[in-house]
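Here the structure is laid out as structure tokens; the discussion comes afterwards.
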2 protein chains.
Amino acid sequence: MSTLAQGKAELERASTAQKVADMLRERVLDGELAPGLRLSEEAIGGALGVSRNTLREAFRLLTRDRLLVHEHSRGVFVRSPTGDDVRDLYAARRVIECGALAKWPDVDDVRRNAVRMPIEEATAHGTRKDWAKVGAANIRFHRGIVGLAGSHRLSEESDRLFAELMLAFRVVSDPERLHMSYLPLNREIVELLNSGDVGGAIGKLRAYFDLAEADLVEQLAQAQAGLAPQQS
Amino acid sequence: MSTLAQGKAELERASTAQKVADMLRERVLDGELAPGLRLSEEAIGGALGVSRNTLREAFRLLTRDRLLVHEHSRGVFVRSPTGDDVRDLYAARRVIECGALAKWPDVDDVRRNAVRMPIEEATAHGTRKDWAKVGAANIRFHRGIVGLAGSHRLSEESDRLFAELMLAFRVVSDPERLHMSYLPLNREIVELLNSGDVGGAIGKLRAYFDLAEADLVEQLAQAQAGLAPQQS
DNA sequence: ATCGTCAAATCGTTCAACAATCCTACGATC
DNA sequence: GATCGTAGGATTGTTGAACGATTTGACGAT
């Protein structure tokens, strides 16, 4: 059955625009295409060997995911999140993830393990100082939390929020430091959940959001000041 | 200042694809383009006098909002929500709106009035038996609740959820009955909020979701059975 | 130094064409 | 009679070129 579903997913994947969008998404999240960069239709279309119309469809897909911003008659740019953007993102995450976490008592173990396991993996990678993998596991942890709600749509929207947030990380100095410093806090959340104290876990998650938001906003402000110190 | 912002918004509005998408969105939400209907590129493009490429961009925009579904090499169709879709929608709304409502003590009066006023308007329209306007005010009520969270992204996602839900209403027999029957429940929520009992309001909101979801799922099942009684 | 004016570059949109895919109906085979 | 394979037509996927509209940047005038 699993091989069948796998084959189906493979068959359904198609559309040049989709493939181009996937490729560009990786480049953006890798940081190869830096925030603020303008994506010329002609240049990118020529480099990838696709027509302008198809490329524009790919741009639309990435604009939907908020990785690109579209300015009329000026082109598309890699989004460079501002402090306001980060505040907005965390306001959304607070509501979604705290609300999802409240469903912990109602869900089965497969959903619960989707929250527990990423933390185990993160600590394992942490001892090896593989900060990139720690960050990836951290994302899976929060993805697992959203999954508790049991809504496919909510999970997809959260993925967009996460992707946008990773874009904000690209602007600051060392992204890994953030993931590293909040790992013990995440461990505590899982332990509180295992001990049955859901309310305490939610409180600690909210505290994590407060800290992470303030930290990221400050680093973003520093980066902005460093790039444009001649303002006004 | 307000006139400036208004002018800017007017200037920024452009893009044929955007206008086409707006027109189609109305038609879909009006029910003129019924759920399940296939939208031929040639037919619609010819009728609206836009090229296929531009029309396809409009289709992408509406697909992002989940009003249309795209099937590879088969075309785009007006979405016809299933029971699973409705369950997913309500799972998302439960998390978002209950979480947003918890922020009631922290927000100012302008945000609170965005929750209170629609209920006043709904009851006013209810005495005149103008059920369509009652439904619209009901949407504004829930939109106001989401607005308490203070996240633009969350509000936009909720708008998409609402639009999709209105699509589900189009499938059932009389959409107005639903809005009408839940109006007193919404009044109680506002009264609980005004009395300071936020927890009670959240509980009642959750109860509203349970009732509305069950009702809609059942009506959807009946509509499905009525349309395809020869199955298996 | 500020303000027009102009040219180059790029985007927005359209059109026409062809390949790829899907749907339907018609027979062929068992 | 039912299932399967096979053409045929219709629609989508993608491309390439074209032209008007908008932005950008530089140049020169006041």
Side-chain angles (χ1 to χ4, degrees), chain A residues 7-25 28 33-34 36-64 67-80 228 230-232, chain B residues 4 7-25 28 33-64 67-80 228 230-232:
Chain A
K8 181 189 174 192
E10 201 165 313
L11 280 181
E12 279 185 357
R13 172 189 293 196
S15 168
T16 311
Q18 186 72 49
K19 283 184 278 190
V20 170
D22 289 343
M23 175 178 305
L24 288 177
R25 174 180 287 113
V28 169
L33 298 172
L37 186 67
R38 175 161 154 274
L39 269 48
S40 160
E41 293 184 353
E42 193 178 3
I44 303 217
L48 270 61
V50 299
S51 111
R52 273 182 65 207
N53 286 317
T54 301
L55 183 62
R56 286 167 64 88
E57 283 208 359
F59 282 168
R60 291 278 183 190
L61 290 174
L62 292 172
T63 301
R64 170 187 73 166
L67 291 182
L68 304 182
V69 293
H70 181 109
E71 299 188 18
H72 192 280
S73 288
R74 284 180 27 95
V76 298
F77 302 78
V78 178
R79 179 175 219 113
S80 85
Q230 73 286 12
Q231 193 161 17
S232 168
Chain B
L4 268 159
K8 181 189 173 193
E10 201 165 310
L11 280 181
E12 279 186 357
R13 170 190 295 193
S15 168
T16 311
Q18 186 69 50
K19 282 185 278 189
V20 170
D22 288 343
M23 174 177 305
L24 288 176
R25 172 180 289 114
V28 169
L33 297 173
L37 185 68
R38 174 162 153 273
L39 269 46
S40 160
E41 293 184 355
E42 194 177 3
I44 303 217
L48 271 60
V50 298
S51 110
R52 275 182 63 206
N53 286 319
T54 300
L55 183 62
R56 285 165 67 89
E57 282 207 0
F59 282 168
R60 292 278 185 191
L61 290 174
L62 292 172
T63 302
R64 169 189 74 165
L67 292 182
L68 304 182
V69 292
H70 182 108
E71 300 187 19
H72 192 278
S73 289
R74 284 181 26 93
V76 298
F77 302 78
V78 179
R79 178 174 217 113
S80 83
Q230 73 284 9
Q231 189 162 18
S232 172

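By convention in this document, chain letters (A, B, ...) are assigned in the order of the sequence lines, proteins followed by strands, and residues within each chain are numbered from 1.
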Using atom [atom1] of [X] as one end and atom [atom2] of [N] as the other, report the distance to the nearest whole Å.
X       : N      : atom1 : atom2 : answer
A:Leu61 : D:dG13 : CG    : P     : 12 Å
A:Phe59 : C:dT13 : CZ    : C1'   : 17 Å
B:Leu39 : D:dT12 : CG    : C1'   : 14 Å
A:Glu57 : C:dT13 : CD    : P     : 14 Å
B:His70 : C:dT21 : NE2   : C1'   : 12 Å
A:Leu48 : D:dT14 : CG    : P     : 14 Å
B:Glu41 : C:dT14 : CD    : P     : 14 Å
B:Glu71 : D:dG13 : CD    : C1'   : 15 Å

Working to the nearest 0.5 angstrom, can you tell me the gap between [X] [atom1] and [Y] [atom2]?
X       : Y       : atom1 : atom2 : answer
B:Arg60 : B:Arg64 : CZ    : CZ    : 13.0 Å
B:Glu57 : B:Gln18 : CD    : CD    : 10.5 Å
A:Ser40 : A:Leu55 : OG    : CG    : 9.0 Å
B:His70 : B:Thr63 : NE2   : OG1   : 7.0 Å

Can you check whether B:Phe59 reaches B:Leu39 side chain to side chain, under 4.5 Å on heavy atoms?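 They are in side-chain contact.
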
Are B:Val76 and B:Val69 side-chain neighbours, meaning at least one heavy-atom pair lies under 4.5 Å?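 Not touching, per the 4.5 Å side-chain cut-off.
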
Residues two or more places apart in sequence or in another chain: which of them pass side chain to side chain contact (heavy atoms under 4.5 Å, CB included) with B:Leu33?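 For B:Leu33, the residues satisfying side chain to side chain contact (heavy atoms under 4.5 Å, CB included) (neighbours in sequence not counted) are B:Leu24, B:Arg27, B:Val28, B:Leu37, B:Val78.
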
Using the salt bridge (Lys or Arg N to Asp or Glu O under 4.0 Å) criterion, which residues pair with B:Arg25? Sequence neighbours excluded.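 Testing B:Arg25 for salt bridge (Lys or Arg N to Asp or Glu O under 4.0 Å), a comparison that skips the adjacent residues, returns B:Asp22, B:Asp65.
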
Phosphate oxygens OP1/OP2 of D:dT14: is one of them under 4.0 Å from a side-chain N or O of B:His72?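 Checking D:dT14 against B:His72, no side-chain N or O comes under 4.0 Å of OP1 or OP2.
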
Grab the N/O contacts between the protein and nucleotides 6-9 of chain D below 3.5 Å, and write none if there aren't any.
none

Check residues 44-53 of chain A and write down every donor-acceptor pair under 3.5 Å in which the side-chain atom is one partner and the other belongs to a residue at least two apart or another chain.
unit_1, atom_1, unit_2, atom_2, d
A:Ser51, OG, A:Asn53, N, 3.1
A:Arg52, NE, A:Glu41, OE1, 3.0
A:Arg52, NH2, A:Glu41, OE1, 3.1

Distances under 3.5 Å only, N/O to N/O: pair up the protein atoms with those of nucleotides 15-21 of chain D.
unit_1, atom_1, unit_2, atom_2, d
D:dT15, OP2, A:Ser51, N, 3.2
D:dT15, OP2, A:Thr54, OG1, 2.4
D:dG16, O6, A:Asn53, ND2, 2.8
D:dA18, N6, A:Arg52, NH1, 3.3

